[in-house]
Amino acid sequence: MDFREATMMRTAGELADYLGATLQGEANQRISGVASLESAGPEDLIYVDSAKRAGRAAASAAKCVLAPANSRITGKTVLEAEAPKFAFAKAAAWILPAVAPRPGIHPTAVVAASARVGHGVHLGPYVVVEEDAEIGPGAVIEAFCFLGRRARVGENCRLHPHVTLYPGSQLGARVELHAGVVVGGDGFGYVYGEGRHWKFPQIGSVEIGDDVEIGCNTTVDRGSLGVTVVESGAKIDNLVQVAHNVRIGADTVVASQVGISGSCTIGKRVMIGGQAGFGEHASVEDGAIIGGPSGILPGKVVRAGQIVWGTPVRPLEKFKQQFAWSAKLPELVERIEKLEGELEDKRKK
Amino acid sequence: MDFREATMMRTAGELADYLGATLQGEANQRISGVASLESAGPEDLIYVDSAKRAGRAAASAAKCVLAPANSRITGKTVLEAEAPKFAFAKAAAWILPAVAPRPGIHPTAVVAASARVGHGVHLGPYVVVEEDAEIGPGAVIEAFCFLGRRARVGENCRLHPHVTLYPGSQLGARVELHAGVVVGGDGFGYVYGEGRHWKFPQIGSVEIGDDVEIGCNTTVDRGSLGVTVVESGAKIDNLVQVAHNVRIGADTVVASQVGISGSCTIGKRVMIGGQAGFGEHASVEDGAIIGGPSGILPGKVVRAGQIVWGTPVRPLEKFKQQFAWSAKLPELVERIEKLEGELEDKRKK
Amino acid sequence: MDFREATMMRTAGELADYLGATLQGEANQRISGVASLESAGPEDLIYVDSAKRAGRAAASAAKCVLAPANSRITGKTVLEAEAPKFAFAKAAAWILPAVAPRPGIHPTAVVAASARVGHGVHLGPYVVVEEDAEIGPGAVIEAFCFLGRRARVGENCRLHPHVTLYPGSQLGARVELHAGVVVGGDGFGYVYGEGRHWKFPQIGSVEIGDDVEIGCNTTVDRGSLGVTVVESGAKIDNLVQVAHNVRIGADTVVASQVGISGSCTIGKRVMIGGQAGFGEHASVEDGAIIGGPSGILPGKVVRAGQIVWGTPVRPLEKFKQQFAWSAKLPELVERIEKLEGELEDKRKK
């Protein structure tokens, strides 16, 4: 277990070129890392999203700051960018060394003879790779990962410790699975008859595209007869449940503890807030935003671009209106009582 | 790691006999698997639940279909059954080969001398079995499973990779635990005093009956002083929390991400929807249905056969009525304003 | 794997002294364990919280009972204490043997040469300890735990099987992490640009104080640029999500399946009920109580000592009032209709 972690030294000028940012200051200023305003050292890059934080940026030890144009940050080399947070993320991906164990197969790894292991792969201690599994070049598989029969891991994937791939699970390229992720567990479906639950067959598979990242202890079930799909570029947080036969569209973002029931279809570039829950066969069209925590009823369709909230979900504006009125219910009751009193008075007269 | 996976070839006639279905067509039609309408090959069995899907069934490559009586599916061998989905699940259990690793103890398994391992058991790579643990005949324990001291696994259980049984946990026969399940962790209870939390003793156990299935990364805590019980035939999905001293009744079904707090009692054949949450000491009587996501207050009793929803839960019909009125609050406010206006007018006259 | 589990025999008199309780009965009565009323043997200590349960206590086989003063429990040695449940927890901590594997390093443990392992440490089978990790004296690290580079585990910590510490994670003394806990996974943050999500750098760390307990399969993410902090004495249940840059205050209690989004600040001695969810940058001041399941909006501040409930959260009393009125909406509608009818009548006259 020996690590590649080469420092990638850059200059402010190189970074300005790479980002298409406008340089104000020292083009030769060395940059070797990224940091928050508070924790930065002189060679760390920092960023501010708005000119309001210019004062705090000026107080940082960092010598180079990404900022909106005309932020008036004195005493620093400033890289002016339209979207400083985006530029910061892009810069970090360029500057920061990829920290990963070196290629090599740990002597304790148990690899079936029929498994295919690509060039430059790292298999950590106590990795188990079953028959006919396939690992693409450059993949890093950390300790205690389990790759079931016929599982496929694409090139340059990263599996953190304790990941389980059930037999037949398929990962594209550059997929990152965090510790404890389980891909390909049986879907949850039973048919009751003759006094007991019969398991509906769970013999499908899971297909995960390229550049997907999945957080710790999240579970993605295989399809029952078909396939569970996570399209390329989707990002899924910790402790999320993705049930059998779900499809999650490209570049969709799913926050922590979301639960997606069987056969839901989620479109592309959808945003799903934490703890949202989807009933079976719900569908969300491209670009919609589901606030968390919300509850989506079985079979519900959320239209493209809609922003919804509540349980059951409704358009955010409608939710706000209803919520505001709920808060005023006691006042409404008073107004009704007043009306009743007035009519009573009239009656008495 | 060598697998038993014998194909179990049947004919349509044999299947009709087994299921008590009425055969229309070729009794000799070979059936070697089950599939969805879209993915089926000629020898796969498919099913349709209603006559509406007869057209799609006819278009499938499958030569044999389970369907309701008089479904008018042309060009196929039809097995007519009252409940085709149930018949399909039952047929699948009969046709599909049990896919499981062969018996045998992997050389890397660490098994205490005092552990008792039954006949025909499979222990995968890197399994750890502690002192006085007991594994019944035919059980399959996959890679990285941990069986603590005095844990007991009944006959023909299946433990997928990375399952943890804390010391003393008891499983009946044919229990299936999916990857990452933890049984027997300490309950969560503290008493505050003298400026800090004192842990309430968590020295009880967990008893799981026969034919229970538990999904990936679900946690079942041991009793604090008593026992946490999951009765036979119960089915629990992924990422569910079952706290100390809970009892889950026979054949109850618990969907994903449900949270059941300490000392709750759930009856038999209860259905619990995804993400429902139970406060401590709540109880649900036999056959009730808890919609997901719902919130059940501590100590609440849901009566036998009731269907409830919402937070806090109330009967589904009541919830719907209240929800409908909430949606009309703005309209109610308008009506109140109109009444106020009219009375104001009268007053002025 | 050999266990230390010495029985710690005490007498009722010794226990009364230790707890500051008033002894009524046999000072020489031997006490060797704790139990529930129903499961107790003669030498087990039991407790009742109120005089109402005195009858049930009298029926227990236990010879010694902790009870409030003047509980009139006949035929038992009674230890009178102001807070019997607290006294019981404190007594249990004193009486019950610490059940833990003996010190020693299992031959299958893979420990980097540069790791520092303190005196009296237990490393179970298949533990992996990476470069420059540090384990304090007396720590117990069970099977399949993974300690990444530079991780630090304080003295007398207990890590149950399958715990993952990402590189750099820091634990104080006497921290207990249950099976499947993941500390230090990447935070969940992306910036969209140029047609894809760019990962915001997740290069911070996690610092966990002393005497913290974390339940099974809970995940605690590292800070993105800063630090995620769990202060001393905090207790976290199973399947909880703690996101990047969160701070959880000392002695705060977090129940199961709670989700805390990025950059939330939770004060000291806060109580958070099961399944509560926090939007980003929310903060809760010391001593507040968040009922579960509740939803806290991003940026929301819950004031010190407040008790809140609902989604979005509001003060509990307000929630109850609103909920009561919601339940009466159909009645309100009838009252409005009646008013409308009366005015209509007047108009006709």
Side-chain angles (χ1 to χ4, degrees), chain A residues 1-3 33-36 38-39 83 85-86 88-90 92-93 96 99 106 108 124-126 142-144 160-162 176 178-180 211 213 215-217 233 235 237-239 251 253 255-257 269 273-275 292-293 310-311 323 326-327 329-330 332-333 336 339-340 343 346-347, chain C residues 108 110 112 126 128 130-131 144 146 148-149 162 164 166-167 180 182 185-186 188 190-194 196-201 203-204 217-219 221 224-226 239 241 243 257 259 261 275 277-279 293 295 311-312 314 318 321-322 325-326 328-329 332 335-336 338-339 342-343 346:
Chain A
M1 286 177 299
D2 182 16
F3 285 76
V34 301
S36 64
E38 299 76 21
S39 64
K85 189 175 181 184
F86 160 64
F88 183 75
K90 193 175 169 186
L96 293 177
V99 180
H106 196 275
T108 61
Y126 303 125
E142 296 198 56
F144 311 121
H160 291 266
H162 288 122
E176 182 161 11
H178 284 279
D211 301 299
E213 183 164 4
C216 302
N217 286 350
K235 310 294 182 185
D237 201 352
N238 297 355
L239 293 167
D251 294 324
V253 172
S256 179
Q257 295 179 323
R269 288 203 57 197
Q275 297 186 331
T311 301
F323 184 75
S326 297
L329 266 176
L332 286 186
V333 174
I336 292 171
L339 288 167
E340 287 168 339
L343 278 175
K346 282 191 194 297
R347 228 175 284 132
Chain C
T108 61
V110 172
Y126 304 123
V128 171
E130 289 196 336
E131 284 76 8
F144 312 119
F146 176 86
R149 290 179 305 143
H162 289 122
T164 300
Y166 273 63
V182 181
D186 284 4
F188 191 71
Y190 301 90
V191 192
Y192 196 84
E194 300 178 356
R196 71 176 184 88
H197 295 291
W198 294 76
K199 187 167 178 166
F200 193 84
I203 57 176
N217 286 349
T218 281
T219 60
D221 282 352
S224 50
L225 299 174
L239 292 167
Q241 154 73 351
Q257 294 179 323
S261 295
Q275 297 186 331
F278 295 74
T311 300
R314 62 218 88 153
K318 201 168 166 192
Q321 200 186 35
Q322 287 176 12
W325 282 118
S326 297
K328 288 186 187 162
L329 265 177
L332 286 186
R335 285 162 70 179
I336 291 171
K338 200 176 155 206
L339 288 167
E342 287 183 24
L343 279 175
K346 281 192 195 299

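Given the structure is predicted, the values throughout are model-derived calculations rather than measurements. Here is the naming used below: chain letters follow the sequence lines, and residue numbers restart at 1 for every chain.
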Checking [X] against chain A: side chain, backbone, both or neither under 4.5 Å from a heavy atom?
X        : result
C:Glu342 : side chain
C:Thr108 : both
C:Gln321 : side chain

(request) Find the distance between NZ (A:Lys235) and NZ (C:Lys199) and round it off to the nearest 0.5 Å. (result)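 Answer rounded to 0.5 Å: 8.0 Å.
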
(message) Would you compute the distance between atom CG of C:Asp186 and atom CG of A:Asn238 and round it to the nearest 0.5 angstrom?
(response)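 Answer rounded to 0.5 Å: 9.5 Å.
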
Out of [options], which one racks up the most heavy-atom pairs below 4.5 Å with chain C?
options                      : result
A:Lys90, A:Lys85, A:Glu38    : A:Lys90
A:Ala143, A:Pro161, A:Ser326 : A:Pro161
A:Ser256, A:Gly292, A:Ala92  : A:Ser256

(request) Would you check if A:Thr311 and C:Thr311 make a side-chain contact, meaning some heavy-atom pair closer than 4.5 Å? (result)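 No - every pair of side-chain heavy atoms lies 4.5 Å or more apart.
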
(request) Could you check if a side-chain atom of A:Phe88 sits within less than 4.5 angstrom of a side-chain atom of C:Val191, using non-hydrogen atoms only? (result)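 Not in contact.
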
(request) Tell me, with the steps shown, if A:Tyr126 and C:Phe144 meet side chain to side chain contact (heavy atoms under 4.5 Å, CB included). (result) CA-CA 9 Å; A:Tyr126 303 125; C:Phe144 312 119; over 6 Å; no

(request) Measure the acute angle between the ring planes of C:His162 and A:His162, then classify it against the limits of 30° and 60° as parallel, tilted or perpendicular. (result)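 Rings of C:His162 and A:His162: perpendicular, as their planes differ by over 60°.
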
(request) Using side chain to side chain donor-acceptor pair (under 3.5 Å) as the criterion, list what pairs up with A:His178, not counting sequence neighbours. (result)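 Applying side chain to side chain donor-acceptor pair (under 3.5 Å) to A:His178 gives A:Glu213, C:Tyr166.
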
(message) Show, in sequence, the C-alpha distance, side-chain angles and deciding distance for C:Thr218 and A:Asn217, and conclude whether the side chain to side chain contact (heavy atoms under 4.5 Å, CB included) test is met.
(response) CA-CA 8 Å; C:Thr218 281; A:Asn217 286 350; over 6 Å; no

(request) Go through C:Leu329 and A:Leu329 one step at a time and tell me if the side chain to side chain contact (heavy atoms under 4.5 Å, CB included) criterion holds. (result) CA-CA 9 Å; C:Leu329 265 177; A:Leu329 266 176; 4.0 Å; yes

